[in-house]
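One structure is given here, and the rest of the page talks about it.
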Amino acid sequence: MATYNGEAWIKIQLDSILEQLGEADEVVLVDDGSTDSTLDVVAAIDDTRIKVYKNSRNLGVDRTFERAISLAQGDLLFLSDQDDIWYPDKVGKVTGLFDSDPTTTLVLSDAAIIDAAGKTDGSTYFGDRGKFLPGVVPNLVKSKFLGCSMAFRAEMAAKSLPFPHPIPGHDMWIGVINEVYGKSRFVDETLIGYRRHGSNASPYTHQGLWQMLVWRWQLLRGLLMRMVRLLVAGK
């Protein structure tokens, strides 16, 4: 989890996560220089499973998630935003899919769109954006990898790190890496409430066509360079 000035929703989100985790699990939380009471709220939860790290300076969303992933110790890594809500059956359903198919390396689900107050009008991320399509090309054209609904095996984290910079989003990068080296599985259920409000941290929404083309080129260039690097390394 990457946090930045998330005091309004961080406790709700962490509570929804922690109640689904075992004693050996961890929440790796990297704060990107919050100036509000985010870290005080986290400290008040007083749960030893939460591992808090602070960036020495503001690094932005992608680099903060990069650091969080690099610090994670588990075999399965779930990405989480600071302001969403995990529904009670999320962890069990996702881990069950990994357990039932060892060849699956990434699982993502649909997400209910909720507002600042946690209310939904019934719309979902994939309902609005269109069904998930696996493969590199479809996701270069229009990425369907929503980071906060994704979980992946540690082997995909190893292939994804370090992130090339710049890239148009850590979730898009991990997704296309997985499409090259792994196998994705989509859960057509809403396993989280995906909160949309006026202060979301992601810079990758509502951009023009030219910027979208630049980002796709950055993503493709990074992918080709990583494939060469892994090939040379024999991985």
Side-chain angles (χ1 to χ4, degrees), residues 1-21 27-45 47 49-50 52 58-66 68-69 77-94 106-132 142-152 168-172 174-175 186-207:
M1 177 186 289
T3 60
Y4 179 74
N5 289 350
E7 62 182 5
W9 298 287
I10 187 68
K11 185 179 188 306
I12 296 171
Q13 172 66 316
L14 283 173
D15 285 346
S16 75
I17 294 171
L18 291 166
E19 67 184 11
Q20 302 185 50
L21 301 186
V27 176
V28 177
L29 186 155
V30 179
D31 186 76
D32 197 26
S34 291
T35 57
D36 65 358
S37 63
T38 295
L39 293 179
D40 294 330
V41 173
V42 173
I45 295 174
D47 192 310
R49 292 173 295 178
I50 304 175
V52 177
N58 185 271
L59 299 178
V61 174
D62 292 331
R63 287 188 182 273
T64 301
F65 268 110
E66 179 181 25
I69 292 168
L77 285 69
F78 288 71
L79 297 184
S80 170
D81 288 346
Q82 64 183 357
D83 48 6
D84 297 333
I85 300 173
W86 284 17
Y87 294 161
D89 53 355
K90 173 182 170 68
V91 171
K93 286 191 174 182
V94 172
L106 185 149
V107 173
L108 73 160
S109 73
D110 205 351
I113 306 299
I114 61 175
D115 62 17
K119 298 179 180 179
T120 179
D121 62 3
S123 61
T124 72
Y125 179 83
F126 285 96
D128 292 345
R129 194 169 176 82
K131 68 178 183 178
F132 174 74
K142 185 176 183 180
S143 177
K144 299 293 182 66
F145 287 101
L146 177 64
C148 60
S149 74
M150 288 167 46
F152 46 91
H170 57 281
D171 44 5
M172 296 171 66
I174 296 169
F186 175 67
V187 183
D188 192 14
E189 298 180 50
T190 54
L191 299 186
I192 70 168
Y194 179 42
R195 199 185 303 269
R196 309 310 296 155
H197 52 85
S199 54
N200 287 101
S202 174
Y204 302 115
T205 56
H206 308 300
Q207 299 294 329

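Sequence positions, counted from 1, serve as the residue numbers for this chain.
Shown here are the side-chain hydrogen bond (donor to acceptor under 3.5 Å, both in side chains) partners of Ser143, two or more places apart in sequence or in another chain: there are none. Scanning for side-chain contact (heavy atoms from CB on, under 4.5 Å) contacts around Ala151 gives Phe78, Val94, Phe98, with sequence neighbours left out. Under the rule for a side-chain hydrogen bond (donor to acceptor under 3.5 Å, both in side chains), the partners of Thr64 that lie at least two apart in sequence or sit in another chain are Asp32, Asn55. Under the side-chain contact (heavy atoms from CB on, under 4.5 Å) criterion, Asp188 pairs with Asp110, Phe186, not counting sequence neighbours. Not counting sequence neighbours, the partners of Glu66 by the side-chain hydrogen bond (donor to acceptor under 3.5 Å, both in side chains) test are His165. Applying the salt bridge (charged side-chain N to carboxylate O under 4.0 Å, His left out) rule to Lys11 yields the partners Asp15; only residues at least two apart in sequence or on another chain are considered. By the side-chain contact (heavy atoms from CB on, under 4.5 Å) test, Asp36 pairs with Asn5, Glu7, Ser34, Thr38, sequence neighbours left out. Every residue two or more places apart in sequence or in another chain was checked for a side-chain hydrogen bond (donor to acceptor under 3.5 Å, both in side chains) with Thr120, and none qualifies. Residues meeting the side-chain contact (heavy atoms from CB on, under 4.5 Å) test with Ala43, sequence neighbours left out: none. Under the rule for a salt bridge (charged side-chain N to carboxylate O under 4.0 Å, His left out), the partners of Asp47 that lie at least two apart in sequence or sit in another chain are Arg49. A search for ring-ring contact (aromatic ring centres under 6.0 Å, His included) contacts involving Tyr87 returns nothing, not counting sequence neighbours.
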- Can you check side-chain contact (heavy atoms from CB on, under 4.5 Å) on Asp171 and Met150, steps first, answer last? CA-CA 8 Å; Asp171 44 5; Met150 288 167 46; 4.0 Å; yes
- Could you please spell out the steps behind the side-chain contact (heavy atoms from CB on, under 4.5 Å) verdict for Leu191 and Trp86? CA-CA 6 Å; Leu191 299 186; Trp86 284 17; over 6 Å; no
- Message: Before you tell me yes or no, could you show the steps for Tyr194 and Thr124 under side-chain contact (heavy atoms from CB on, under 4.5 Å), namely the whole-Å CA-CA distance, both residues' side-chain angles and the distance that decides it to 0.1 Å?
- Response: CA-CA 8 Å; Tyr194 179 42; Thr124 72; over 6 Å; no
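Considering only heavy atoms from C-beta on, Thr3 stays 4.5 Å or farther from Val42 through its side chain. Put simply, the side chain of Val61 does not reach to within 4.5 Å of the side chain of Tyr4, judged on heavy atoms.
The heavy-atom pair separating Gln20 from Lys90 by the smallest distance is OE1-N, 3.4 Å. The nearest pair of heavy atoms linking Ala116 to Trp9 is O-NE1, 3.1 Å. The nearest pair of heavy atoms linking Phe65 to Leu79 is CD2-CD2, 4.2 Å. Taking both residues in full, the closest heavy atoms of Lys144 and Phe126 are given as O-CZ, 3.1 Å, listed atom of the first, atom of the second, then distance. Between Leu21 and Ile17 the shortest heavy-atom distance is CG-O, 3.4 Å. Nearest heavy atom pair, residue Met1 against residue Asp81, reads CE-O, 3.7 Å.
For the atom pair CD1 of Ile45 and CG of Asp40, the computed distance is 11.5 Å after rounding to the nearest 0.5 Å. Within the model, atoms CG of Leu18 and CD1 of Ile50 stand 5.0 Å from one another, a figure rounded to the nearest 0.5 Å. Here the CD1 atom belonging to Ile114 is positioned 10.5 Å from the CZ atom belonging to Arg196, to the nearest 0.5 angstrom. Between the OG atom in Ser80 and the CD1 atom in Ile192 there is a gap of 8.0 Å [rounded to 0.5 Å]. If you take CG on Leu108 and SG on Cys148, they are separated by 10.0 Å, rounding to the nearest 0.5 Å.
With Asp121 contributing its side chain and Ser123 its backbone, the two residues share a donor-acceptor pair below 3.5 Å.
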